[in-house]
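Below, read A as the first sequence line, B as the second, and so on, with proteins coming before strands; counting in each chain starts at 1. The model shown is predicted, which means the values in this text are computed figures rather than measured ones.
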2 protein chains.
Amino acid sequence: MELELIKSKLHESNFRLTQEREVVLTTFMNSGQMLTPAQLHDCVKKEYNSVGLTTVYRLIEVLTKLGLATPFLIDGEIYYTFCSDHHHHHFVCLDCHKVKDIYECLEMTHKYDDVGTVNYHRMDLYGHCKNCERKNINVKSLEP
Amino acid sequence: MELELIKSKLHESNFRLTQEREVVLTTFMNSGQMLTPAQLHDCVKKEYNSVGLTTVYRLIEVLTKLGLATPFLIDGEIYYTFCSDHHHHHFVCLDCHKVKDIYECLEMTHKYDDVGTVNYHRMDLYGHCKNCERKNINVKSLEP
DNA sequence: CATGTTAAAGAAAATCATTTTCTATAATGC
DNA sequence: GCATTATAGAAAATGATTTTCTTTAACATG
Ligand SMILES: [Mn+2]
Ligand SMILES: [Mn+2]
Ligand SMILES: [Zn+2]
Ligand SMILES: [Zn+2]
C-alpha cells in the first residue's frame, strides 16, 4: 500500500497531512516490523530529527482508528505495525519483530455460529523468520 | 479445569497456595470472562473483602507464566481470562466480555512454512454472544 | 496568493496503571 | 513445633500515556 493512498484516506477523514505525519508514516510503513511508540520515535529521530513523541502517539491513535495500524501484545508490551485495512493475518518474528502479512483466510468464521455472532477475527502466527533462523543456526554452530 | 488441578500445578512450580490466591483464583475461574486486574480485584472484594490489588497483579503474572491466563488487548486495555494450558482458540463477546473456548484447531500452522518457523499461533473471534444478541434485539424493539 | 479558521505540534505537567520496596505473616518441609 | 522462605499488603516509586496550553501551519475560500 503506497503512501499516496494512505494520505488520501487520512484526507477523507478530515485529518491534515502535516510534514510530521508524513515523516512518521513513511518510517512506520518502511520499517516492516512492529514497534512501540517509543521505538518508532527513535527510528524517526535517526533520519529526521525532532518530531515529538506525543505526535507519534497521536498518529498511531489515528491510524488505529482507521484500521491502518494493528496492535500486538508481546510479553506485556504493546507494539504496532502498519497495515492495509483489508482483512488478513500476520506472522510475527519473535527475534527481529518483522511482520509478514498472510492474505489467505480460511473464512472459518461461519463455523462458529453456535457461540454467537462473529463480527471479526484475527489470527497471529509467532515464530522465527527465515532470516533469523539462519542467524540462529550460525550462532549455534559457533558454540563449543 | 478444576481448582485442585490448578493448585497442584502451582505447587509443582514451587508457588505457595495461600488463602488469598485461592480466593482470587476461584473468582477468576468462575467469572468466565476477561477482566482487567482492577476488575478482578473488584469482583474479589464483592465476595470476600480485602485482598490487595498487588496480590491480584502477582497472581495474574504467575498464571500467565504458567500458561493459565491469556491476555487480550481490547481498545487499548489489557484483559486476562483464565485458561487451561492446552492449545485452543477463543470467542470473546464485545458486550459482556464473556469468553468461550474453541477447541477445534485447523492445525494450519504447517501451511505457512514459507514465512519461517511457526512456534505457536492464536486465533481470536470477536462478536456478540447469544445472550447479548437477545438483549440487543429487545433493546432495538423498544426504540421509537 | 492573501486571509481566516482550525487542526495539529510540542513542551511541560498531570494522570494512572503497574512495579518495587520493605516489614510482618503464614505456608511449607522437616 | 520450629526454621526457612515465599508471599501479603501498604506505601512509595516508576514510567508510559494522556492532557493542557500556546504557537504554528494546513487547508478552504474567494
Ligand atoms: Mn498487516
Ligand atoms: Mn481459554
Ligand atoms: Zn526475524
Ligand atoms: Zn455477551
message: Looking only at the aromatic ring of each residue, does the gap between the centers of Tyr79(B) and Phe72(B) stay below 6.0 angstrom?
response: no
- request: Grab the CG-C1' distance between Leu40(A) and dA16(D) for me, whole Å please.
  value: 15 Å
- prompt: Rounded to the Å, how far apart are Tyr79(A) OH and dA16(D) P?
  reply: 12 Å
task: Take the protein atom CG of Leu63(B) and the nucleotide atom P of dT7(D), then report the distance between them rounded to whole Å.
output: 12 Å
query: Between Ile60(A) (CD1) and dA9(C) (C1'), how many Å, whole number?
result: 16 Å
message: Could you tell me how far apart His41(A) (NE2) and dT17(D) (P) are, to the nearest whole angstrom?
response: 13 Å
- prompt: His88(B) vs Tyr103(B) aromatic rings, parallel, tilted or perpendicular, using cut-offs 30° and 60°?
  reply: tilted
field: Letter per nucleotide, 5' to 3', of nucleotides 18-28 of chain C [B base touched, S only sugar-phosphate touched, - untouched; heavy atoms, 4.0 Å]
entry: SBBB----BBS
query: Atom NZ of Lys7(A) to atom C1' of dC27(D): distance rounded to whole Å?
result: 14 Å
- prompt: Is Glu4(A) salt-bridged to Lys7(A), going by a charged N under 4.0 Å from an acidic O?
  reply: yes
- prompt: Are any of the side-chain nitrogens in Asp95(A) or Lys135(A) under 4.0 Å away from the carboxylate oxygens of its partner?
  reply: no
message: What is the separation between atom CG on Asp75(A) and atom C1' on dA16(D), rounded to the nearest whole Å?
response: 16 Å
query: How many Å lie between CG on Leu59(A) and C1' on dT18(D), as a whole number?
result: 16 Å
message: Can you tell me if Arg21(A) touches the phosphate of dA26(D), counting only side-chain N or O atoms and a distance under 4.0 Å to OP1 or OP2?
response: no
